Amino acid sequence: MGERRGSDGEDAEGGAPASRRRFLGMAAAAGAGLAAAGCSGGDGGAAHPTAAPTRGPSAVRGENDRPGDSGWRLSRRGAPSAIEGYTDRVSVLPGEEFGLHVSTTAPGFTVRAYRMGWYGGARARLVWQSERVQGRRQRAPRFEQRTRTVHADWEPSLTVATRGWPEGCYLLRLDADRRSAQRYVPITVRSATAVGRTVLVNASATWQAYNEWGGHSLYNGPDGAYRSRALAVSFDRPYHKDGAGKFLIYEQPAVCLAERLGIPLAYTTGVDVATRPGQLTGATAVVLLGHDEYWTPEQRARVAQARDAGANLAVLGANTCFRRIRLESAANGPDRLAVCYKSDYREDPCYARGDYALVTNDFRRDPAPSPESALTGVLYEGYPTEAPYVVTRPDHWVFAGTGVRAGDSFKALVGVEYDRVTPEAPTPRPLEVLSHSPLVCNGQHSHSDSAYGTRPSGAGLFASGTMRWVESLDATGPGVHGVRHGMDGRTGAFTRRVTENVLRVFAAGPAGHTHPATDNLHEVYGAAAKV
């Protein structure tokens, strides 16, 4: 089984090494063995910090009614080492402090904290700005040979207090003197409670898995080979390239849309769900964004627990909850390492101890197989592909207001990874296939499925079946090839409306009580789908 390199926040799907992951045709065997306005444009001046509000509907609307700052984007990266940084925590509560570690070749730098949201289309608000900080070039990274792990281990440059910062997703922008170079550093100001709210979950572990800073990710080493990949990656290092990880492509468009809707929101990360009990307690809905691949067993158990308590689950991507990881301590604190041995799982220390539930192989594989479809309703099948998204159940409430008819298609919306319903694998029922999109992946013919289901708790489940769903929310214009993969404004209007429908219904309470699913798997997959 091959591997692939990760995509990044710049080109969304990245380059391709010689070896790739190939799961097409293996999913069934694994299972058996086991239209409003878009989020673009807008201007506005920077606002000053105020006390953090509660996150009910009026608070979300009130926050996004504030003037935004369209100047939040990078205008000049500079050389790779010109300026870069990382935080000593993936998240904080409002008012807590975090350390910011920065290395720069410039004499000094400033930091601007932007809260990401709607803000009339500006998409960000300036919440805080530092004084000028003296710059310095920090030490070379430390390399841990046993697991091929890169640690920056830099000295802290400043401590940032978040007093007055509202809950939400933040990008810190590092500006070297005269803005000669800029980078982002992400951090989440997480919510103290999820009660009555839709929880947006940042996929911090997945960002780190694909992070090639220092030459090693969970996919490859400096030579681009799978065999030289890291077996554990550290959060104590910057994200490569623009510094934002996967946030801008696979998460920010959905955050923008959710904030524009004004529904009650809460924020957390997958790392916090894994390590902090109660992050999802009382949630109305849990939203998993465009690429959320790497999970601990604890995270999966707590998402399932929330679903079984009635929280709706929206999976706005593909390849979700695919890799089993373990969080471990590093020199700078707890939960600063994401461990994933993958196909070398027999070298995982947990394997030698017989602690198979924590061995870091894919969830669906030995030594403790538990396919992700038991949670998400769909099974990851393959990479790479690109195909039209084909609607098969146009009268479903998810498609209300889109005007689609059976057979309508949307160019390039399926890709670059995809999921499908796989009845041979553990699959919660009832489940409805809403789109059934033919595709070819590595020379084999298959389908990508969007699906809607309900659980005995009343929880609703929506799975998009494609990794491009969140990315498509920003699609506008005619769809030039190579820009947003040819996805056009018609596609963007469609996915925005569907996402709005899902978020509004899911924010209102257990969707199964008001929108029960009507199982149609036998119509799509025949005898294999019999209960």
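Numbering of residues begins at 1 and proceeds along the displayed sequence. Quantities reported herein were computed from a predicted structural model and do not represent experimental measurements.
Between R323 and F363, the closest heavy-atom pair is O-CE1, 3.3 Å. Closest non-hydrogen pair, G214 versus V150, comes out as O-CG2, 3.7 Å. The shortest heavy-atom contact between A122 and D69 is CB-N, 3.8 Å. Closest approach of A318 to D419, counting heavy atoms only: CA-OD2, 3.2 Å. The minimum heavy-atom distance linking R173 with Q182 is given by the pair NE-NE2, 3.6 Å. Closest approach of E251 and V201 over heavy atoms only: OE1-O, 4.4 Å.
Of the possible polar contacts, one joining the W154 side chain to the R139 backbone as a donor-acceptor pair under 3.5 Å is found. A donor-acceptor pair under 3.5 Å links the side-chain atoms of S103 to the main chain of Q138, judged by distance alone. Listed for the S464 side chain is a donor-acceptor partner under 3.5 Å among the backbone atoms of G317. The main-chain N or O of E417 is never found under 3.5 Å from a side-chain atom of R468 such that the two would form a donor-acceptor pair. Of the possible donor and acceptor atoms, none in the side chain of D348 sits under 3.5 Å from a partner among the backbone N and O of V359. Remark: side-chain polar atoms of E96 are paired, donor with acceptor, to backbone N or O of L93 under 3.5 angstrom. Under the 3.5 Å distance criterion, the side-chain polar atoms of D236 are left unmatched by any main-chain donor or acceptor of A152. In terms of modelled atom types and a separation under 3.5 Å, the side chain of T296 and the main chain of R326 share no donor-acceptor contact. No donor-acceptor pair closer than 3.5 Å links the side chain of N319 to the backbone N or O of M467. Using modelled atom types, one side-chain atom of Y184 and one backbone atom of L74 make a donor-acceptor pair closer than 3.5 Å.
Around CD of E328, the count of heavy atoms belonging to other residues, nucleotides or ligands within 6.0 Å exceeds 12. No more than 12 heavy-atom neighbours from other residues, nucleotides or ligands sit within 6.0 angstrom of CZ on R76.
In this structure, D344 pairs ionically with R229, as a charged nitrogen and a carboxylate oxygen lie closer than 4.0 Å. The pair E97-R163 fails the salt-bridge criterion, with no side-chain N (NZ, NE, NH1 or NH2) lying under 4.0 Å from an Asp/Glu carboxylate O. We find that D88 and R336 are not joined by a salt bridge, their nearest charged nitrogen and carboxylate oxygen being 4.0 Å or further apart. By the 4.0 Å N-to-carboxylate-O rule, E298 lies too far from R300 to be salt-bridged with it. A salt bridge is absent between E167 and R190: the closest approach of a Lys/Arg side-chain nitrogen to an acidic carboxylate oxygen does not fall below 4.0 angstrom. A salt bridge is defined here as a Lys NZ or Arg NE, NH1 or NH2 lying under 4.0 Å from an Asp or Glu carboxylate O, and E84 with R183 fails to meet this definition.
Between Y356 and Y351, the angle of the ring planes lies from 30° to 60°, which puts this pair in the tilted group. Between Y170 and W165, the ring-plane angle classifies as parallel under the 30° and 60° cut-offs.
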**Request:** Run the numbers on E63 and W118 for side chain to side chain donor-acceptor pair (under 3.5 Å), then give the verdict.
**Result:** CA-CA 9 Å; E63 171 64 29; W118 171 235; over 6 Å; no
**Asked** Run the salt bridge (charged side-chain N to carboxylate O under 4.0 Å, His left out) check on D175 and R112 step by step: do they pass?
**Response** CA-CA 8 Å; D175 292 334; R112 291 169 172 84; 2.4 Å; yes
**Trace of the side chain to side chain donor-acceptor pair (under 3.5 Å) decision for S457 with D308** = CA-CA 5 Å; S457 65; D308 293 343; 5.2 Å; no
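Side-chain contact between V127 and R125 is present, with at least one heavy-atom pair separated by less than 4.5 Å. Between F109 and L158 the shortest side-chain heavy-atom distance falls below 4.5 Å. Residues R302 and P277 are in side-chain contact: their nearest non-hydrogen atoms beyond the backbone lie under 4.5 Å apart. The shortest side-chain heavy-atom distance between T149 and L231 does not fall under the 4.5 Å cut-off. Considering only heavy atoms from C-beta on, L100 stays 4.5 Å or farther from T159 through its side chain. Annotation: side chain of W295 is in contact with side chain of L375 (closest heavy-atom distance under 4.5 Å).
Within the model, atoms CG of L174 and OG1 of T110 stand 8.5 Å from one another, a figure rounded to the nearest 0.5 Å.
A centroid separation of 6.0 Å or more is found between the aromatic rings of Y210 and H240. Ring-centre distance between Y86 and W213: not below the 6.0 Å cut-off.
Geometrically, K342 engages Y219 in a cation-pi contact defined by less than 6.0 Å to the ring centre and at most 45° from the axis.
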